[in-house]
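Please read the structure below before turning to the comments.
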Amino acid sequence: MGMLSGWMRGAFARAFPEAETDFADIGVAETSNPEFGDYQCNAAMGLAKLLRQAPRAIAERVAAGPELPDCLARIEVAGPGFLNLYLDSAWLARYVERMAADKTLGTPAVGAGQTVVMDYGSPNMTKPLHIGHLRSHNIGSVLDRLHRFLGYRVVADNHLGDWGTQFGITIMGYRHFGDEAAMQTAPLEELERVYVLSYEKTKADPTWMEQCRAELVKLQSGDAENLEMWEMFMRLSMEELDRMYARLGVKYDVVHGESYYRDKLAGTVANLQAKGLAVESEGAQVVFLEEEKLPVCIVRKSDGGFNYATSDLATVAARVEEFNPDRIIYITDERQQLHFKQVFAVCRRLGFEVGLDHIWFGLMRLPEATFSTREGNVIKLDALLDEAESRALAIIQASSSDMDDAQQREVAAAVGVGAVKYADLSQNPQSLVTFTWDKAMALDGNSGPYLQYAYARIASVRDKYAERYPEGTPETEPLCFDEAIERALALRLIRFGDVLTRAAHQYKPNVLTDYLYDLAQTYSSFYQNVPFLKAPEGVRERRVRLCGVVATVLKQGLDLLGLQTLERI
RNA sequence: ACCCCGGUAGCUCAGUUGGAUAGAGCAUCGGAUUUCUAAUCCGACGGUCACAGGUUCGAGCCCUGUCCGGGGUGCCA
């Protein structure tokens with residue numbers, strides 16, 4: 001609530017004109033308990049020393065100020081000096097009406113005029129997506145949509161892993177163990193198979209790894225045969241990836257893999273050398289980062305090959321040149337924290353002024369162990385989504401048996417993938433995720449389907465109303481809160497913009513899922529306990545209208561999360 | 001050895017810049033459907049916020065130390 005915070009700062013300034021502060025830090029917060037009002041301000045306690053007065057006296061002086069803004073009905077001082085703010089209910093009702101008519105639902109355009117490049121997903125191109133790839137795509141695409149909604153210009157870039165050592169390993173693997181028939185039918189599975197075999201061999205035979213590195217160097221220096229093989233791998237992988245992206249609803253503005261920057265790698269290293277940043281050490285070109293207390297950053301290996309850091313440095317330069325962003329945001333797992341600290345440190349030394357953020361998330365692991373392609377204990381993302389859909393379908397068949405088969409499948413697809421996405425998004429990105437089938441596909445409680453179900457029930461109310469009262473016009477009926485739960489619903493609705501801003505700026509999709517779940521829960525309680533279609537005329541219309549605003553907010557919120565809304569479940 | 005995270009109810013997890021009585025879901029138990037979709041709702045049960053100090057009007061949150069877990073630490077990405 002930006003306007004309430006602003007007013008509160010003014011109220012403090014008026015009450016204490018002689019104070020040596022502008023009260024810039026003062027803000028209001030939602031109350032944890034309705035008995036403390038709708039919003040609260042706790043600043044009086046913190047200012048006791050500065051103002052040399054008892055906190056309670058400070059709060060009382062602020063509360064005694066002559067004028068209240070239109071939105072407030074009253075202010076109360078409680079306990080040691082809490083300021084409890086009560087919104088005026090009529091104002092609240094008008095505000096809900098206005099926000100519902102607004103395209104952005106009252107969300108401030110905090111990102112207007114700013115450009116951010118978002119780097120997420122970025123899968124390795126030599127293997128199929130597995131459940132460990134879900135988080136970067138999922139969290140990244142939500143942050144992407146949130147930023148767009150807040151007015152940022154977003155350039156979503158899929159920085160494919162298409163130019164690293166894994167290709168050396170894969171080329172060796174394909175050459176020795178490749179099966180062309182399998183390559184046609186299930187290319188990514190086949191690439192993964194030969195990769196695993198080849199990788200296994202590096203453990204037993206040290207010269208194998210050297211050969212893999214040599215193949216990579218050949219590829220990176222333009223060897224025709226390796227390049228041809230690489231192009232085939234890329235084409236087949238991309239087809240597979242596009243299919244998965246359609247299923248996940250992930251979209252990019254640009255797909256520049258590491259290979260896109262391949263011609264700039266040598267120049268990047270030369271530039272670092274010219275500026276005296278990169279020096280030779282143990283046969284490699286490295287940047288020492290002792291001032292930053294970081295380990296050395298290797299920008300060219302002793303065998304002449306370039307690595308991830310080189311590629312990322314070239315990428316930053318290219319993005320700055322092409323998009324002139326205010327900020328570049330990387331979304332990867334936690335293991336890359338050090339890498340990005342190093343890359344960002346080198347960028348600062350190179351004089352880049354663009355903001356650089358690394359948003360990392362916790363690894364996904366199995367109850368018994370960390371999974372990895374190399375260990376062969378992966379669960380394919382495709383298989384997870386299939387299982388989720390079939391579980392959803394079973395429930396739909398049981399509860400919506402009147403729905404035709406095709407529609408049941410369509411709903412199951414939306415609910416299944418929604419459940420998987422939501423289960424991931426609803427926790428703090430930084431926590432480590434231990435994968436279990438049941439948790440990943442929860443269909444009740446705090447889950448995607450719960451929200452989709454709440455939306456579908458509202459859609460049903462809307463349709464039934466239209467059927468029974470074809471002449472009715474709930475959309476113009478002034479809102480008014482007859483029941484406490486209706487006011488509680490309105491209070492939640494007007495928080496939408498604050499929630500989106502916080503979710504985006506803290507890079508936490510779970511801020512949005514928590515909010516939507518709370519909203520849907522409040523709505524469900526309203527739905528269960530208060531009649532609307534059977535309420536008297538007038539009351540009926542305003543309740544149906546309130547339902548409509550909840551539906552609009554739910555739909556927008558689910559859309560930002562990448563979950564489909566269904567009119568019927 | 002060093003660096004970065006984490007430890008909150010039986011399980012899985014939330015917890016705005018430090019605020020009032022630490023919250024959900026699942027599980028368990030008890031209720032609600034001649035009704036607008038029961039994938040729902042209402043209620044009960046459940047806590048030494050890892051441990052020990054410290055900072056202050058006030059600490060799950062900040063500081064120090066310890067224990068436990070995950071990740072990382074020059075030629076993978």
Side-chain angles (χ1 to χ4, degrees), chain A residues 25-27 29-33 35-36 40 42-43 45-46 48-49 54-55 78-82 84 122 124 161 164-166 169 213 258 281-286 293-303 305 307-309 311-312 332-339 341 360 362-363 365 370 392 395-396 398-400 415 423 426-428 430-434 436 438-439 442-447 449-450 452-454 456-465 468 498 502 506 510-511 513-514 517-518 521 524-535 540 543-544 547 568-569:
Chain A
D25 294 336
I26 291 179
E30 294 157 16
T31 53
S32 51
N33 187 328
E35 76 181 81
F36 303 137
Q40 62 176 303
N42 307 326
M45 277 91 77
K49 278 213 177 98
F82 294 105
N84 293 340
S122 308
N124 190 325
T165 300
Q166 77 271 26
I169 297 173
R213 287 210 190 92
E258 292 176 315
S281 170
E282 298 175 29
Q285 287 292 320
V286 308
K293 292 183 183 165
L294 293 170
V296 293
C297 179
I298 295 174
V299 294
R300 197 175 71 202
K301 297 183 274 187
S302 50
D303 66 5
N307 58 12
Y308 191 33
S311 174
D312 268 345
T332 81
D333 74 54
E334 59 183 320
R335 291 174 300 189
Q336 300 192 28
Q337 288 175 84
L338 177 57
H339 163 73
K341 279 183 191 168
W360 57 266
L363 277 178
R365 47 179 292 148
T370 304
I395 293 174
I396 293 157
S399 62
S400 304
V415 168
S426 60
Q427 60 183 304
N428 185 330
Q430 297 193 338
S431 50
L432 183 145
V433 175
T434 302
T436 64
D438 288 338
K439 190 171 65 172
L443 300 172
D444 54 4
N446 186 359
S447 69
Y450 178 93
Q452 291 170 316
Y453 180 71
R457 291 211 291 189
I458 303 176
S460 177
V461 166
R462 177 200 62 206
D463 294 344
K464 288 248 163 58
Y465 178 89
R468 294 180 198 179
D498 287 344
R502 198 164 69 237
Q506 294 183 356
N510 68 304
V511 168
T513 61
D514 286 353
Y517 181 61
D518 180 45
Q521 257 188 327
S524 295
S525 180
F526 172 49
Y527 176 89
Q528 204 79 25
N529 298 306
V530 179
F532 13 104
L533 291 185
K534 291 184 167 49
R540 177 174 66 224
R543 286 183 183 160
V544 169
C547 286
R568 247 197 101 201
I569 284 187

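Convention: sequence-line order gives letters A, B, ...; per-chain numbering from 1. A quick note: this is a predicted structure, and the numbers were derived from the prediction, not measured.
- Using a 4.0 Å cut-off, some side-chain N or O of A:R457 falls inside it from OP1 or OP2 of B:A38.
- Residues A:E334 and A:G362 approach most closely at OE2-CA, 3.8 Å, considering heavy atoms.
- Within 4.0 Å of A:A78, counting heavy atoms only, lies at least one base atom of the nucleic acid.
- Taking atom C1' on both B:U55 and B:G69, the two are 28 Å apart, rounded to the nearest angstrom.
- Ring centroid separation for the pair A:Y517 and A:Y450 comes in under the 6.0 Å cut-off.
- Within 4.0 Å of A:G46, counting heavy atoms only, lies at least one base atom of the nucleic acid.
- B:G7 and B:C13 are spaced 10 Å apart, taking the P atom of each and rounding to whole Å.
- Comparing the P positions of B:G23 and B:A27 gives an interatomic distance of 22 Å, to the nearest angstrom.
- At B:C11, none of the side-chain N or O atoms of A:K439 fall inside 4.0 Å of OP1 or OP2 (strictly under the cut-off).
- Stacking between A:F36 and the base of B:A20 is present: ring centres sit under 5.5 Å apart and the planes differ by under 30 degrees.
- Checked by atom type and distance alone, the side chain of A:K439 pairs as donor or acceptor with a backbone atom of A:T434 at under 3.5 Å.
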With side chain to side chain contact (heavy atoms under 4.5 Å, CB included) as the test, would you mind laying out the steps for A:Q427 and A:N446 before giving the verdict? CA-CA 11 Å; A:Q427 60 183 304; A:N446 186 359; over 6 Å; no
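- Distance A:N510 CG to B:U12 P: 18 Å, rounded to the nearest Å.
- Between B:A77 and A:T165, a contact under 4.0 Å exists linking OP1 or OP2 to a side-chain N or O.
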Reading RNA chain B 5' to 3', how would its secondary structure be written in dot-bracket notation, given Watson-Crick and G-U pairs with both distances under 3.5 Å, brackets [ ] for crossing pairs and | for partners on other strands? (((((((..((((.....[...)))).(((((.......))))).....(((((..]....))))))))))))....
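- Across B:G70 and B:U28, the matching C1' atoms stand 32 Å from one another, rounded to whole Å.
- For A:S399 (side chain) and A:I395 (main-chain N/O), a donor-acceptor pair under 3.5 Å exists by modelled atom type.
- Across the protein-nucleic acid pair, A:I396 atom CD1 and B:A39 atom C1' stand 10 Å apart, rounded to whole Å.
- If you check every strand for non-hydrogen atoms under 4.0 Å, A:Q521 touches sugar and phosphate atoms only.
- Distances shorter than 4.0 Å separate some side-chain N or O of A:Y450 from OP1 or OP2 on B:C41.
- When the C1' atom is compared between B:C5 and B:A50, the two are found 16 Å apart, to the nearest whole Å.
- Side-chain proximity of A:S460 to the nucleotides B:C75, B:C36, B:U73 is greatest for B:C36.
- The side chain of A:N428 places an N or O atom within less than 4.0 Å of a non-bridging phosphate oxygen (OP1 or OP2) of B:G15.
- B:C42 and B:G6 have their C1' atoms separated by 36 Å, with the value rounded to a whole Å.
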A:F532/A:F526 under ring pair (Phe, Tyr, Trp, His ring centres under 6.0 Å): CA gap, chis, key distance, verdict: CA-CA 9 Å; A:F532 13 104; A:F526 172 49; 5.0 Å; yes
Tabulated below should be each protein N or O lying under 3.5 Å from an N or O of nucleotides 1-6 of chain B; please produce it.
residue, atom, partner, partner atom, Å
B:C4, O2', A:Q337, OE1, 3.1

